[in-house]
Chemist: 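I'd like to ask some things about the structure below.
Treat the numbers as computed from the prediction; the structure is a model and nothing was measured.
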Amino acid sequence: MSAEFLVASCHYIDEVGTLIGGEVLKGRIEEGEWGATASGKKFLVSKMEFQGDRRVSASEHEKVNLYAIHISQTYVRAGDTLYFY
């Protein structure tokens, strides 16, 4: 199943990776899943949280924080849509 995620914020945290906050627009995202920016830059969701609580997945309309590796904050900005396949 494919999913879309709307980015609300993006920050880099040393030794953790890129923290991307936002909302699942469509589908379901799971921890360990690969995603891509609209320009095709790929990244891996290493961890997911909601208000400090760890999550293994998030569904449509849920707001979560994604901890992503293999991508820097220069590729992700507020307002961007991320895609998961």
Side-chain angles (χ1 to χ4, degrees):
M1 175 192 256
S2 62
E4 295 180 6
F5 184 84
L6 179 63
V7 177
S9 64
C10 183
H11 308 281
Y12 181 77
I13 301 173
D14 287 332
E15 298 182 22
V16 174
T18 304
L19 172 62
I20 305 168
E23 179 181 359
V24 180
L25 295 177
K26 178 177 106 172
R28 179 183 172 99
I29 300 171
E30 295 186 4
E31 204 172 87
E33 193 167 359
W34 284 89
T37 64
S39 63
K41 179 70 176 163
K42 293 182 180 180
F43 61 91
L44 178 67
V45 176
S46 62
K47 183 178 169 184
M48 193 180 304
E49 288 183 350
F50 173 73
Q51 295 182 348
D53 294 328
R54 186 118 184 217
R55 301 284 304 269
V56 293
S57 66
S59 300
E60 236 171 88
H61 307 296
E62 290 185 325
K63 294 182 181 181
V64 293
N65 291 321
L66 307 177
Y67 289 82
I69 56 175
H70 306 300
I71 194 165
S72 70
Q73 67 186 42
T74 56
Y75 294 100
V76 182
R77 301 202 188 286
D80 287 355
T81 301
L82 305 177
Y83 301 92
F84 297 83
Y85 303 98

Chemist: Of all the heavy-atom pairs spanning His61 and Glu23, show the shortest one and how long it is.
Modeler: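 Of all heavy-atom pairs spanning His61 and Glu23, the closest is CA-OE2, 3.4 Å.
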
Chemist: Between OG of Ser9 and CD1 of Ile20, what distance do you get to the nearest 0.5 Å?
Modeler: 9.0 Å

Chemist: If you group Ile, Leu, Val, Met, Phe, Trp and Tyr whenever their side-chain heavy atoms sit less than 4.5 Å apart, what else falls in with Trp34?
Modeler: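 Direct or chained contacts put Trp34 with Leu44, Ile69.
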
Chemist: Mind listing the closest non-hydrogen atom pair of Glu31 and Met48 along with its distance?
Modeler: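 Closest heavy-atom pair between Glu31 and Met48: OE2-N, 3.3 Å.
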
Chemist: Are Phe43 and Val7 connected into the same hydrophobic cluster when the rule is that any two of I, L, V, M, F, W, Y join if their side-chain heavy atoms are below 4.5 Å apart?
Modeler: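 Yes, same cluster.
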
Chemist: Side chains of Val64 and Ile29: closer than 4.5 Å at any heavy-atom pair?
Modeler: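 No, their side chains stay 4.5 Å or more apart.
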
Chemist: Quick one: do Thr18 and Val76 satisfy side chain to side chain contact (heavy atoms under 4.5 Å, CB included)? Show the steps, please.
Modeler: CA-CA 9 Å; Thr18 304; Val76 182; 5.5 Å; no

Chemist: Nearest 0.5 Å, what's the NZ-CD1 distance between Lys42 and Ile71?
Modeler: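 Between atom NZ of Lys42 and atom CD1 of Ile71 there are 12.0 Å.
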
Chemist: Give a yes or no on whether Phe84 and Leu6 share a hydrophobic cluster (residues Ile, Leu, Val, Met, Phe, Trp, Tyr; joining criterion: side-chain heavy atoms under 4.5 Å apart).
Modeler: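 Phe84 does not cluster with Leu6.
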
Chemist: Go through Lys47 and Arg54 one step at a time and tell me if the side chain to side chain contact (heavy atoms under 4.5 Å, CB included) criterion holds.
Modeler: CA-CA 8 Å; Lys47 183 178 169 184; Arg54 186 118 184 217; 3.6 Å; yes

Chemist: Of the non-hydrogen atoms in Lys41 and His70, which two are nearest, and what is the gap between them?
Modeler: CE-O, 3.7 Å

Chemist: Do Val24 and Ser59 pass the side chain to side chain contact (heavy atoms under 4.5 Å, CB included) test, and can you show the C-alpha distance, the side-chain angles, and the key distance before you say yes or no?
Modeler: CA-CA 6 Å; Val24 180; Ser59 300; 5.9 Å; no

Chemist: With a sphere of 6.0 Å drawn around NZ of Lys26, does it hold more than 12 non-hydrogen atoms of other residues, nucleotides or ligands?
Modeler: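 Not buried by this count: 12 neighbours or fewer within 6.0 Å.
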
Chemist: Pick one: which of Thr81, Asp80, Leu25, Leu66 meets side-chain contact (heavy atoms from CB on, under 4.5 Å) with Phe5?
Modeler: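 Among the candidates, only Leu66 passes.
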
Chemist: Could you walk me through whether Tyr67 and Glu49 pass the side-chain hydrogen bond (donor to acceptor under 3.5 Å, both in side chains) test, one step at a time?
Modeler: CA-CA 8 Å; Tyr67 289 82; Glu49 288 183 350; 3.2 Å; yes

Chemist: How close do Ala78 and Ala8 get, heavy atom to heavy atom, and via which atoms?
Modeler: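 Of all heavy-atom pairs spanning Ala78 and Ala8, the closest is CB-O, 3.3 Å.
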
Chemist: Quick one: CD on Glu33 to CZ on Arg28, what's the gap to the nearest 0.5 Å?
Modeler: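 Spacing of CD (Glu33) from CZ (Arg28) equals 9.5 Å.
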
Chemist: Can you hop from Phe50 to Leu82 via hydrophobic side chains spaced under 4.5 Å?
Modeler: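 Yes; Leu82 is reachable from Phe50 via cluster members.
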
